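Here is the naming used below: chain letters follow the sequence lines, and residue numbers restart at 1 for every chain. Only a predicted model underlies this, so the values are computations on that prediction, with no experimental measurement involved.
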Number of protein chains: 2
Amino acid sequence: MPPRGRRPVGSSDTRQEILTAAGELFAERGFERTTMRAVAARADVDPALIHHYFVNKEGLLAAALVLPVDPAALLAGLDKDPEHAGEALVGRLLGVWEGDPDARHRMVGLLRVGLSHERAAAGLRDLLGRTILIALSRVVAQDHRSLRAALVGSQMGGLLLGRYVLGIPGVRDATPGQLVVAIGPVLQHYLTGPVGGAVAPATASR
Amino acid sequence: MPPRGRRPVGSSDTRQEILTAAGELFAERGFERTTMRAVAARADVDPALIHHYFVNKEGLLAAALVLPVDPAALLAGLDKDPEHAGEALVGRLLGVWEGDPDARHRMVGLLRVGLSHERAAAGLRDLLGRTILIALSRVVAQDHRSLRAALVGSQMGGLLLGRYVLGIPGVRDATPGQLVVAIGPVLQHYLTGPVGGAVAPATASR
DNA sequence: CGACCAATGCAACGCTTGATGAATTCTGCG
DNA sequence: CGCAGAATTCATCAAGCGTTGCATTGGTCG
């Protein structure tokens with residue numbers, strides 16, 4: 001129905017609309033089940049236009065892959081009360097996920113995509129490494145920073161997985177309060193407790 | 001090349017070969033990227049034969065979805081030394097995953113498929129619930145059994161995710177020994193520690 | 001031996017998918 | 001104004017997908 005050529009200027013930021021649509025669909029359905037045509041339809045645009053902007057489906061994925069929450073904001077002020085940083089962290093994360101379904105879906109989508117697509121896994125790894133690790137640096141104990149951050153991430157990832165994706169009854173039906181009590185001390189342990197004494201000797205090459 | 005009709009009896013268990021091939025491929029590539037033709041090729045069989053046995057691609061998935069390890073064996077004897085069950089459990093799991101790449105791939109595949117496919121998520125949920133929860137019952141404290149089991153599962157799932165799927169450096173490069181020291185006490189906490197006092201009041205309906 | 005069913009292979013259908021090349025319209029610069 | 005280039009749509013392609021109908025062979029039971 002729309003005329004064929006270029007739109008009058010400033011009528012819309014098409015590129016951004018495509019990215020938004022793609023982000024939503026990748027999150028909902030994962031990489032494979034998201035079709036270019038579906039993205040185009042949601043962005044109200046011709047499929048060929050996506051190729052014009054992002055070359056590939058992979059290019060589109062790479063461009064649409066962004067963290068749905070700001071880790072810095074999530075961690076702000078946690079170092080004021082280092083003794084209870086663990087509980088506070090679980091509480092905040094659960095607060096976001098419970099209160100902001102959109103952010104939750106995007107986060108689940110990141111997992112979904114990262115798990116289904118090797119290239120996305122790499123992107124996700126970098127994304128998490130560059131943001132979360134840095135943001136955690138101020139809260140975490142001095143030694144084994146990378147390991148500590150990853151352990152925190154693994155526990156929260158596991159929770160996300162069990163509660164929102166797989167829907168394992170035990171964690172799906174727990175209240176946020178219960179989870180804070182149960183998991184808070186764990187994150188606290190990862191943040192400041194002992195995690196494996198000496199650095200691993202270089203038994204493995206590479 | 002092979003003749004057209006039925007094979008002489010007992011010459012091979014074709015059905016099982018299809019299931020094996022399907023299990024491997026689903027684990028490697030997830031549901032969508034596993035094609036019937038690929039399964040057929042790996043099982044050295046005609047694609048139509050898969051439909052003959054399993055009707056659907058979904059039917060094939062349902063039939064191929066099995067736990068690659070025996071949870072009972074994994075947990076056997078843990079109740080002899082309840083104080084160190086957490087460490088022992090991490091150690092055993094890491095032992096299996098490090099020492100038996102095939103079992104690891106299958107486990108990762110379960111995650112992959114469960115994450116990519118709603119129907120598989122349900123199957124996986126039941127599978128885990130029926131086996132792991134029951135097997136854990138003897139090790140875990142009396143109260144909040146379901147929650148405790150799910151917490152243990154979420155932490156181990158998160159580890160699997162971070163170490164073997166996403167490859168987050170902090171946990172990817174840690175030695176099994178380090179991980180046992182770091183995560184053991186956490187599982188111990190989930191198994192026998194306090195996890196949220198009273199059962200949640202029925203604030204939420206349904 | 002004949003009837004019937006299970007197991008297997010062949011060929012094909014209809015559909016969807018990601019991608020491409022050309023045509024059209026608008027913008028911005030000289 | 002004229003013209004290069006960006007933005008947009010259209011029509012179409014080749015490949016791959018899950019699935020189906022049919023033919024053929026072997027086993028089983030009367």
Rounded to whole Å, CD1 of B:Ile18 lies from P of C:dT8 at a distance of 8 Å
Taken to the nearest whole Å, NZ/B:Lys57 to P/C:dC15 is 19 Å
Between the CG atom in B:Leu179 and the CD atom in B:Glu87, the distance rounded to the nearest 0.5 Å is 12.0 Å
One should read off an interatomic distance between B:Thr34 OG1 and B:Leu61 CG, to the nearest 0.5 angstrom, of 9.0 Å
Report yes if at least one side-chain N or O of A:Thr14 is closer than 4.0 Å to OP1 or OP2 of D:dT8; otherwise report no.
-> yes
From the candidates D:dT8, D:dT20, C:dC10, the one with an atom nearest any side-chain atom of B:Asp46 is C:dC10
Taken to the nearest whole Å, CG/B:Asp44 to C1'/C:dA7 is 15 Å
Picking from C:dA19, D:dG18, C:dG9, the nucleotide nearest the side-chain atoms of A:Met36 would be C:dA19
Picking from D:dG18, C:dA6, C:dG18, the nucleotide nearest the side-chain atoms of B:His52 would be C:dA6
Could you tell me whether the phosphate oxygens of C:dA19, OP1 or OP2, come under 4.0 Å of any side-chain nitrogen or oxygen in A:Asn56? yes
Here the distance between atom P of C:dA19 and atom CG of A:Leu61, to the nearest Å, is 12 Å
Rounded to whole Å, CD1 of B:Ile50 lies from P of D:dT20 at a distance of 14 Å
request  = Taking only Lys NZ, Arg NE, NH1 and NH2, and the carboxylate oxygens of Asp or Glu, determine whether A:Arg163 and A:Glu98 approach each other closer than 4.0 Å.
outcome  = yes
Give a yes or no on whether a salt bridge exists between B:Glu28 and B:Arg42, defined as a side-chain N under 4.0 angstrom from a carboxylate O.
-> yes
Atom NE2 of B:His51 and atom P of D:dT19 are separated, to the nearest Å, by 4 Å
A:Asp13 atom CG is separated from D:dA6 atom P, nearest whole Å, by 17 Å
Closest to the side chain of B:Leu49, out of C:dG9, C:dA19, D:dT19, is C:dG9
Of B:Leu160, B:Leu65, B:Val66, the one forming a side-chain contact (heavy atoms from CB on, under 4.5 Å) with B:Leu110 is B:Leu65
5'-most contact on DNA chain C (nearest-nucleotide basis), A:Thr35 vs A:Ala48, goes to A:Thr35
So for A:Arg37 and C:dG18, does any side-chain atom that can act as donor or acceptor lie under 3.5 Å from a complementary atom in the base?
yes
Is B:Tyr53 near enough to C:dA6 that one of its side-chain N or O atoms lies under 4.0 angstrom from OP1 or OP2? no
B:Glu32 CD to C:dT17 P, in whole Å, measures 12 Å
